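Accompanying notes for the structure given below.
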Amino acid sequence: MKLMIASDLHGSAYYAGKLLDAFQTEGAEKLLLLGDLLYHGPRNALPRDYDCMRTAELLNTVKERIIAVRGNCDCEVDQMVLDFPLLADYALVEWEGVSLYATHGHLWSKDSPPPMARGTVLLNGHFHVPACEPCREFLYVNPGSTSIPKDGSPGSCLVLEGRTFTWKDMDGRAYQTYTMA
């Protein structure tokens with residue numbers, strides 16, 4: 001079974017469409033969204049085809065397959081147009097024997113981890129840079145940003161299959177993998 005993980009759409013209808021195309025192509029069972037779905041935020045440039053309502057409409061087409069957490073740009077008004085829960089600060093997900101602590105990254109991060117069991121994978125978005133770093137008691141993983149990548153990284157999403165994470169650009173090309181022991 002596959003889990004697709006993405007973050008930081010920031011209202012880009014273009015990249016929301018590309019993400020959903022990738023989700024369908026991968027045949028993933030669930031789509032885990034790590035926040036900042038509709039609004040671009042005051043520190044970011046407008047992403048390609050910025051259209052919050054269209055982005056919400058696209059995401060709502062797979063509402064029963066989405067697990068989402070709140071980002072620092074998400075708020076109660078966003079929840080009014082989304083047909084799936086968005087306002088939780090974190091989600092604990094058990095996926096085929098892998099424990100995931102999914103959060104956006106503005107409250108809990110690699111440098112300020114939440115209380116979690118040893119061996120848990122801490123999933124963050126927020127920083128817009130793909131990352132994978134084994135830490136002393138957990139694995140830190142960031143899918144990067146779908147629409148506003150930073151530090152020269154590609155727009156990307158992440159696929160978890162078994163114990164292997166695969167980062168893919170928004171055209172579906174794999175560019176990094178990590179397999180947990």
Side-chain angles (χ1 to χ4, degrees), residues 3-20 22-23 28-47 50-95 98-117 120-131 138-150 153 155-160 165 170:
L3 173 66
M4 182 170 277
I5 304 160
S7 189
D8 298 283
L9 278 163
H10 288 288
S12 172
Y14 175 80
Y15 286 108
K18 288 192 76 77
L19 178 63
L20 293 181
F23 182 61
E29 282 72 29
K30 294 284 186 180
L31 177 58
L32 176 55
L33 297 173
L34 301 177
D36 284 0
L37 303 184
L38 302 182
Y39 179 57
H40 72 287
R43 295 182 302 165
N44 295 312
L46 288 176
Y50 181 67
D51 186 337
C52 298
M53 287 305 294
R54 180 69 183 135
T55 300
E57 290 168 5
L58 289 166
L59 293 174
N60 285 337
T61 67
V62 293
K63 63 186 176 191
E64 67 283 348
R65 296 172 66 193
I66 290 179
I67 302 166
V69 298
R70 178 180 68 88
N72 59 304
C73 293
D74 299 320
C75 66
E76 289 82 4
V77 170
D78 298 339
Q79 186 64 78
M80 295 172 72
V81 297
L82 294 169
D83 296 336
F84 53 89
L86 171 68
L87 297 178
D89 287 328
Y90 67 93
L92 298 174
V93 178
E94 289 291 324
W95 192 264
V98 178
S99 297
L100 306 170
Y101 192 111
T103 186
H104 182 62
H106 64 296
L107 299 175
W108 303 107
S109 66
K110 177 186 71 156
D111 297 326
S112 179
M116 58 186 170
T120 298
V121 176
L122 176 60
L123 292 171
N124 277 169
H126 187 57
F127 301 104
H128 297 225
V129 179
F138 60 93
L139 175 67
Y140 172 72
V141 174
N142 191 315
S145 172
T146 56
S147 67
I148 308 174
K150 295 187 177 173
S153 64
S156 62
C157 62
L158 182 61
V159 175
L160 173 60
F165 290 95
M170 295 312 296

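Note that the numbering runs from 1 along the sequence shown for the chain. Quick caveat, the model's predicted, so the values are computed rather than measured. The analysis underlying the following values was restricted to heavy atoms, covering all of them including side chains, and did not include hydrogens, waters or symmetry mates.
- Nearest heavy atom pair, residue P143 against residue S156, reads O-OG, 2.6 Å.
- Looking at N142, its side chain never comes within 3.5 Å of a backbone N or O of P130 through a donor-acceptor pair.
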Q) Going through the distances and angles, do L19 and L33 end up as a side chain to side chain contact (heavy atoms under 4.5 Å, CB included)? A) CA-CA 11 Å; L19 178 63; L33 297 173; 4.0 Å; yes

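- Rounded to the nearest 0.5 Å, atoms CG (L59) and CG (L20) are 6.0 Å apart.
- The environment of CD in E76 is sparse: at most 12 heavy-atom neighbours from other residues, nucleotides or ligands sit within 6.0 Å.
- K63 NZ: 12 or fewer foreign heavy atoms inside a 6.0 Å radius.
- Between M170 and C157, the shortest heavy-atom contact is SD-N, 4.1 Å.
- Distance check: L107 CG to D89 CG gives 5.0 Å after rounding to the nearest 0.5 Å.
- Here H126 contributes atom NE2 and T103 contributes atom OG1; the two are 10.0 Å apart, rounded to the nearest 0.5 Å.
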Q: Could you check L37 against D74 for side chain to side chain contact (heavy atoms under 4.5 Å, CB included), going step by step and ending with a plain yes or no?
A: CA-CA 7 Å; L37 303 184; D74 299 320; 4.2 Å; yes

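- Side-chain atoms of V121 and F165, non-hydrogen and from C-beta on, do get closer than 4.5 Å to each other.
- Under the side-chain contact (heavy atoms from CB on, under 4.5 Å) criterion, R54 pairs with A13, D51, E57, L58, not counting sequence neighbours.
- Looking at D36, its side chain never comes within 3.5 Å of a backbone N or O of S7 through a donor-acceptor pair.
- We find the CZ-OH distance between F138 and Y101 to be 11.5 Å, quoted to the nearest 0.5 Å.
- Qualifying side-chain contact (heavy atoms from CB on, under 4.5 Å) partners for Y39, counting only residues two or more places apart in sequence or in other chains: P42, Y50, C73.
- The side-chain heavy atoms of F23 and R65, taken from C-beta on, include a pair separated by under 4.5 Å.
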Q: Any chance you could lay out the side chain to side chain contact (heavy atoms under 4.5 Å, CB included) test for K18 and T146, step after step, and finish with the verdict?
A: CA-CA 9 Å; K18 288 192 76 77; T146 56; over 6 Å; no

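- Smallest separation of non-hydrogen atoms from L34 and H104: O-ND1, 2.6 Å.
- Taking SG of C52 as the start and CG of D78 as the end, the distance is 7.5 Å to the nearest 0.5 Å.
- Listed here is the closest heavy atom pair of P149 and S147: CD-C, 3.4 Å.
- Contact detail for F127 and G105: the closest heavy-atom pair is CZ-O, 3.7 Å.
- With hydrogens and angles ignored, the 3.5 Å screen pairs no side-chain donor or acceptor of R70 with any backbone N or O of C75.
- What you find for L38 and A56 is that their closest heavy atoms are CD2-N, 3.8 Å.
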Q: Could you go through the side chain to side chain contact (heavy atoms under 4.5 Å, CB included) check for L100 and L160 one step at a time?
A: CA-CA 11 Å; L100 306 170; L160 173 60; 4.1 Å; yes

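- Note: D8 CG to K150 NZ = 8.0 Å, rounded to the nearest 0.5 Å.
- Side chains of L86 and Q79 form a contact here, defined as non-hydrogen atoms less than 4.5 Å apart.
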